[in-house]
Amino acid sequence: LQQDGLHLACRNGAKDCGELVLKAGGEGLTGGGALLGADTQDHFPVTITGRRPTLRPAAPATHDYDPKVFRPFYSPSLAPVMHIFPGDTVRTRTADSRGNDKDGLPKGPRGNPQTGPFYIEGAMPGDTLVVHLDRVRTNRGTAYQTDQVAANALETGYLRSLPRESGFATWQLDPATGTASLARPGGHLLDYKIKLQPMLGCIGVAPPHDEILGSGHLGPYGGNMDFPEMGEGVTLYLPVSEPGALLYLGDGHAEQGDGELPGQGLETSLDVQFTVNVMEDKSLGQPWAENSDYVMVMGIGNSTDEAMRRATTGMSRWLADKYHLTPQEIAAVLGTAMQYQIAEVVDSEIDVVAKLRKDALAEIRQ
């Protein structure tokens, strides 16, 4: 600490990599200096501003957010639609994948437009954002879905035998009976009904390294995971890469089979209520979740093989961290109790989920 401010020296081992000077004033810090570039011997000017974190209220709050704008990408650069604190609850809604709202009116662009981002005070890189989905419900009477299985989920020979033209099927949603059925079924599906299982196809935070990604993508930040279990009652854990985490959600499905094989679930709009919390200085580096029955780790990669390896590795790391198991003990648990679920196979990245039942985990001594 010197007369002109707080001097911070940067060292990489014995190598000098720059110096910064910070001054306190008002509610924060200002300053700057120069830092060595990552791939050069040149120093580059740096400016710094900092603010004190907003004081957390004595009690959690419940917020209502009526979205007017929906954005089809994940970005660390967008202004937050709301600042909330750990423990707070938000009631909001999503548009469908075409940007239509609960009345079927266009309110956003096509391509999974998102609600958000929500800035969570105190969430910092290296933390884990905890999102509990308290309520996920359909809010209109219809959904739509493409009427062909996606080409990249089929063998070429079979694909050639299919009609080239595809369209969209409309589904009628009946919350009173908890079912959905085709609005114009063919003769074979006149009696075909499915159970409603509303879920978020997309939920994620700002990607790492200042990336801006379209909302059709998925990765360690979450995103378009299209995991059927991402509905009411699930708790999702996401690694934080940007201050405030910047939480996005959207792409509502009334129901979806594993793999999202037509390239869509039953696309519709949703009412959503969620509660947030933060695990400080702790991150699995990939999304994981739990519900009343399972602990689940999402493996996301460019192939099914890569995604499965990441899911298995993530579950192994979680067992070592949570239960302090040795590699041999991990092999015993995974070799007898592991389950896999293929969540997404037709998007740009693949999502394979590793699952362990909680009743099996209850047999492990901590």
Side-chain angles (χ1 to χ4, degrees), residues 1-56 71 73-86 116-130 204-215 217-223 237-248 276-288 300-302 310 313-314 317 320-321 349:
L1 182 62
Q2 301 182 25
Q3 286 186 344
D4 61 342
L6 179 67
H7 286 241
L8 302 176
C10 175
R11 297 279 187 273
N12 184 1
K15 187 177 180 180
D16 173 25
C17 50
E19 185 178 48
L20 305 171
V21 181
L22 303 181
K23 297 180 180 179
E27 291 299 316
L29 297 169
T30 59
L35 293 177
L36 187 67
D39 302 315
T40 73
Q41 296 303 308
D42 297 323
H43 284 73
F44 295 90
V46 174
T47 58
I48 295 176
T49 59
R51 64 171 176 85
R52 295 184 186 277
T54 306
L55 290 177
R56 184 172 178 174
R71 300 176 171 101
F73 46 85
Y74 307 100
S75 169
S77 305
L78 293 175
V81 299
M82 181 178 287
H83 285 245
I84 59 177
F85 287 87
F118 298 90
Y119 188 105
I120 293 83
E121 295 285 354
M124 294 296 288
D127 294 344
T128 292
L129 180 66
V130 184
V205 295
H209 312 304
D210 292 326
E211 283 190 287
I212 299 173
L213 296 172
S215 53
H217 287 277
L218 55 155
Y221 56 90
Y237 301 83
L238 293 166
V240 176
S241 299
E242 293 287 335
L246 299 175
L247 176 66
Y248 297 81
V276 297
N277 245 305
V278 175
M279 295 167 51
E280 295 182 356
D281 300 321
K282 196 176 187 66
S283 175
L284 191 61
Q286 64 196 109
W288 60 285
I300 297 169
N302 294 314
R310 287 181 176 173
T313 302
R317 287 174 174 155
D321 179 68
E349 296 87 14

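This one's a predicted model, so the numbers in the text were calculated from it and none came from an experiment.
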Provide the closest heavy-atom pair for [X] versus [Y] in the form atom of the first, atom of the second, distance.
X: Gly285; Y: Pro239; result: C-CG, 3.9 Å
X: Ile300; Y: Arg310; result: O-NH1, 2.7 Å
X: Pro86; Y: Arg56; result: O-NH2, 2.7 Å
X: Leu78; Y: Phe73; result: CD1-CE1, 3.5 Å
X: Ser75; Y: Pro207; result: N-CD, 4.3 Å
X: Ser77; Y: Ile212; result: OG-CD1, 4.4 Å

Output the distance between atom [atom1] ([X]) and atom [atom2] ([Y]), rounded to the nearest 0.5 Å.
X: Leu8; Y: Leu35; atom1: CG; atom2: CG; result: 10.0 Å
X: Asp281; Y: Thr128; atom1: CG; atom2: OG1; result: 10.0 Å
X: Gln286; Y: Arg317; atom1: CD; atom2: CZ; result: 7.0 Å
X: Cys17; Y: Leu36; atom1: SG; atom2: CG; result: 6.5 Å
X: Tyr119; Y: Leu246; atom1: OH; atom2: CG; result: 7.5 Å
X: Tyr74; Y: Leu247; atom1: OH; atom2: CG; result: 10.0 Å

Worksheet entry | Flag side-chain contact, heavy atom, 4.5 Å: Glu349 against Asn302 | yes
Worksheet item: Does some side-chain heavy atom of Leu22 sit less than 4.5 Å from a side-chain heavy atom of Ile48?
Response: yes
Worksheet item: Are Asp127 and Lys282 ion-paired here, with the side-chain N under 4.0 Å from a carboxylate O?
Response: no
Practice prompt. Check step by step if side chain to side chain contact (heavy atoms under 4.5 Å, CB included) holds for Leu238 and Tyr221.
Written response: CA-CA 6 Å; Leu238 293 166; Tyr221 56 90; over 6 Å; no
Practice prompt. Assess whether side chain to side chain contact (heavy atoms under 4.5 Å, CB included) is satisfied between Leu20 and Val46, documenting all intermediate values.
Written response: CA-CA 8 Å; Leu20 305 171; Val46 174; 4.2 Å; yes
Item to complete: Report the C-alpha separation of Asp16 and Arg11 in whole Å, then their side-chain angles, then the decisive distance to 0.1 Å, and conclude whether the side chain to side chain contact (heavy atoms under 4.5 Å, CB included) test is met.
Response: CA-CA 5 Å; Asp16 173 25; Arg11 297 279 187 273; 3.4 Å; yes
Discussion item. If you count heavy atoms of other groups shown closer than 6.0 angstrom to CZ of Arg51, is the number above 12?
Written reply: yes
